[in-house]
Amino acid sequence: MNRFDDDIGESDAFEAAASRPLSARAMAARPTPYLDGLNPEQRRAVETLDGPVLMLAGAGTGKTRALTARIAHLLLSGTARPNEILAVTFTNKAAREMKTRVANLMGQPVEGMPWLGTFHAICVKLLRRHAELAGLKSNFTILDTDDQVRLMKQLINAAEIDEKRWPARQLAGIIDGWKNRALTPDKVPAADAGAFNRRGPELYAHYQSRLRDLNAVDFGDLLLHMVTIFQAHPDLLGQYQRWFRYILVDEYQDTNVAQYLWLRLLAQGHSNICVVGDDDQSIYGWRGAEVGNILRFEKDFPGAQVIRLEQNYRSTGHILAAASGVIAGNKGRLGKTLWTDGEDGHKVRLIGHWDGDEEARWVGEEIEAMARGTRGMDPVSPDHMAILVRASHQMRAFEDRFLTIGLPYRVIGGPRFYERLEIRDAMAYFRLVVSPDDDLAFERVVNTPKRGLGDKAQQSIQKIARANGVSLVDGARLAVETGLIGGKGAKELRSFVHGLARWRDLMLGGLRPVGPGADLIDDDLIEEDRPVRKISHIELAEKILDESGYTAMWQNDKTPEAPGRLENLKELVKALEGFENLQGFLEHVSLIMDNEQDGEDPKVTLMTLHAAKGLEFPAVFLPGWEDGLFPSQRAMDEEGVKGLEEERRLAYVGITRAERVCTVSFAGNRRVYGQWQSQMPSRFIDELPEDHVEVLTPSGLHGHSGMGASASPMAGMMAGSDLHAQAARADVYNSPGWRRLQTNQTRPGLRQPSEARHMTIDAEAISAFAIDDRVFHQKFGYGTVTSVEGDKLGIAFDKAGEKHVVARFLVSADAADDVPF
DNA sequence: GGAGCAGTCTTTTTT
DNA sequence: AGACTGCTCC
């Protein structure tokens, strides 16, 4: 089942509309409003329609604006019709934003831009049209990483390789790498022959043929198959070259070899290709992106016009100067000089702390202070603040701290909604109902919840299915009918198989499918033929999850995560509302992944630097600037200078996210894999130009006054640059913090607008808990109240130990037990 | 089939 | 430290 953004459904009628030229009236009524307010470079980027164009767009220089205006210009000037423009992005989010913004610029709904989408979505669409050229049927399934790995595990075992020494994950990584480089099994270079204990190339070939048998592809295949098809069928390529008269590519610095080849094939001929990107923001080298693609553009496309967008509309002068200073350390850049005619603003603030906990504590207080308005700055809403970390595990210290002080935050990234265990399980059930021959889905849930069907039973099912050349579901049915599976599993398996059949019947409205493709049964037909009340897909989904015992499994689970998982399942069912049926939902499930529920309290954002690319915040915190953490030791070890430069670009991305205030911090000591280590401040701190940096004095409220002493790790920090020394010394002289401490203590409330509301909630919460009450906390799980001080409760958590927590993050344990579904 | 234990590993992430 | 995996033993 295809679970990713795949727009094949909207094809023909939609494209017919898209190919209609714009009405004369629309043209006449619209002069060129999309050009208003563009600076000369942007304008040039918009108006240079023919031939190759490289738009080098620095951070915050209005790149999306220029890109969307360019599309509007192509359309409104009558140069191209909507369906003649191929516009590629990396993420669905970017594609969606572009669609919306083009529509806004045009002042009229865009009648379909069928070829505006992600590389993958566009390739899916193309590949469904030409699947037979890749030995597939057009209804092929797209496997996710999970399925991929499971498949490879089977192949590794079949090849009698010790899966312990040679894990499937690693093989998946290797094969992915080859696919990123557009290498089919026969093209794997000799240099890579040794991969995976010399069995890599062979396993790759097996894997590909297995995929073909399953009528399935993985993500890498989408590009790879299209490149292969285009290379092998020049006539077909020619058609598309004529069809896509104008090509636009966003974030070109992130393209991998396969994407590059695909674009180059399509652009050959007219060369009307406009790529937009910033070599300084290339941070995905580790997953196959080739900065070289953008650096080489002028060679690849002779006569390319290079347009630099350098006027920055986002950040203050000091912030830009600091970012420029850092990135200047990289060699082999195309080179840009960002400038602004705005004010200098605040210098980048730098502060050192004793350890990671102290850093988190300080950031928490600083956020509260900034929300109130301090140091002559206007108050900044927590919504407008972000903490950007190098690695996601760094978030933990902040989460713990914010939970304790009751500072609302939101985490972006982490496992995406659809990647979560319970969601994948639920989806596997849906897949199995929609397409009963989805063997991978069957394997996933046949024994989830536990049905007493272990390896042995599953092997019997496999065997009988193979012997009869049927799917696993049918195999299971046979096994049940022939009594091949005995013991307690038999009964469970029977009810599982019957359940699947029953749910499928319900989905089809009581009719049995007639043949392939019969899934899509006409509603009218059902009404006339047999008046069955058709159960809604939402009811059906709930029924499936309930009757399969899946919901009950989590309800009976007492681990702290269980209630959250039930929540997620509810959310999943709710997400179904936006779709016509289960099939449609499965096709488009990628859309729910950025289902950000907003509109609640203002919250601070916590995310990785990678996730922050493309975003901006008035105030940004960049903690953990310590050598080994950032730049990451691993990046430097594995990739050397190349890795370091990518880390430096990450620093550049981080700083340039800030509009008005950017605060860099580091800690002298940090727990690394459970081990305390003393840390050296990041080398990137040395690279911050001093003129644009202000060293802050930490309050040292909870600090270690005696740390001036000899062998402390802080002494190591003092040995570094002037900036280190200042920041480190500042931690020692901690008196100025007292004033703020006093202020804080007399006015504990901080979020003025909602203070009253919180007070009420707190009051209720306090009265709700007493010592020895059993409580539940979303993050720490179950525990017992040990102390009550105002709204702060001491809790002995069963798993997480003693913690002090604000009352409103707790619910009574009884309430947590019966999370309804 | 499942509980419990020992050994391993630990950056970033979209589709 | 903590999560995850695979293995042993019941």
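Since the structure is predicted, the reported quantities are computational estimates derived from the model, not experimental observations. To find a chain, count down the sequence lines: A is the first, B the second, and so on, and within it residues start at 1.
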Discussion item. Side chain of A:Arg396 only, heavy atoms from C-beta on: which candidate in B:dT12, B:dT15, C:dG2 is closest?
Written reply: C:dG2

Discussion item. So if I take every side-chain heavy atom of A:Ala391 and compare against B:dG2, B:dT13, B:dT12, which nucleotide ends up nearest?
Written reply: B:dT12

Worksheet item: What's the CZ-P distance between A:Arg150 and C:dT5, to the nearest Å?
Response: 13 Å

Worksheet item: According to the interplanar angle, ranging from 0 to 90°, do the rings of A:Trp625 and A:Phe684 count as parallel (below 30°), tilted (30 to 60°) or perpendicular (above 60°)?
Response: perpendicular

Discussion item. What is the separation between atom CG on A:Asn256 and atom P on B:dT14, rounded to the nearest whole Å?
Written reply: 15 Å

Practice prompt. Send over the distance from A:Gln170 CD to B:dC9 C1', rounded to a whole Å.
Written response: 13 Å

Worksheet item: What is the distance from CD of A:Gln253 to C1' of B:dT12, rounded to the nearest Å?
Response: 15 Å

Worksheet item: Taking the side chain of A:Tyr673 as heavy atoms from C-beta outward, which of B:dG2, B:dT14, C:dA1 is closest to it?
Response: C:dA1

Item to complete: Go through B:dT15, B:dT13, C:dA1 for me and flag the one nearest to the A:Arg671 side chain.
Response: C:dA1

Worksheet item: So which one's nearest nucleotide on DNA chain B is more toward 5', A:Leu222 or A:Ile283?
Response: A:Ile283

Fill in: Value in whole Å for how far the P atom of C:dA1 lies from CG of A:Asp357
14 Å

Worksheet item: What is the distance from CZ of A:Arg424 to P of B:dT15, rounded to the nearest Å?
Response: 14 Å

Worksheet item: Hey, are A:Asp278 and A:Lys63 close enough for a salt bridge, meaning a charged N less than 4.0 Å from a carboxylate O?
Response: no

Practice prompt. May I ask you to say what A:Leu453 touches in the nucleic acid, namely base, sugar-phosphate or nothing, with a heavy-atom cut-off under 4.0 Å?
Written response: sugar-phosphate

Worksheet, complete the sentence: Scanning both residues in full, the closest heavy-atom pair of A:Pro449 with A:Gly549 reads CG-O, 3.5 Å

Worksheet item: At what distance, to the nearest 0.5 angstrom, does CZ of A:Arg390 lie from OG of A:Ser682?
Response: 11.5 Å

Item to complete: Give, for atom CD of A:Gln253 and atom CD of A:Glu290, the distance between the pair rounded to the nearest 0.5 Å.
Response: 13.0 Å

Discussion item. Closest-nucleotide mapping onto DNA chain B: is A:Glu638 or A:Phe90 further toward the 5' terminus? I mean the 5' end.
Written reply: A:Glu638

Practice prompt. Give a yes/no on whether any side-chain N or O of A:Ser392 is located under 4.0 angstrom from OP1 or OP2 of B:dT12.
Written response: yes

Practice prompt. Please determine, for the side chain of A:Trp286, which listed nucleotide (B:dT12, B:dT14, C:dA1) has the closest atom?
Written response: B:dT12

Worksheet entry | Minimum-distance nucleotide to A:Lys153 side chain [options: B:dG2, B:dT15, C:dG6] | C:dG6

Worksheet, complete the sentence: Regarding the side chain of A:Arg390, the nearest nucleotide among B:dT15, B:dT13, B:dT12 is B:dT12

Discussion item. Using whole Å, what does the distance between atom P of nucleotide B:dT14 and atom CG of A:Asp221 come to?
Written reply: 20 Å

Worksheet item: Between B:dG2, C:dA1, B:dT15, which nucleotide gets closest to the side-chain atoms of A:Thr118?
Response: B:dT15

Practice prompt. Give the intermediate values and the outcome of ring-ring contact (aromatic ring centres under 6.0 Å, His included) for residues A:Trp286 and A:Tyr284.
Written response: CA-CA 5 Å; A:Trp286 50 272; A:Tyr284 286 108; 5.7 Å; yes

Item to complete: In whole angstrom, give the distance that lies between atom CD of A:Gln677 and atom P of C:dA1.
Response: 13 Å

Discussion item. Would you say A:Asn92 places a side-chain N or O within less than 4.0 Å of OP1 or OP2 belonging to B:dT15?
Written reply: yes

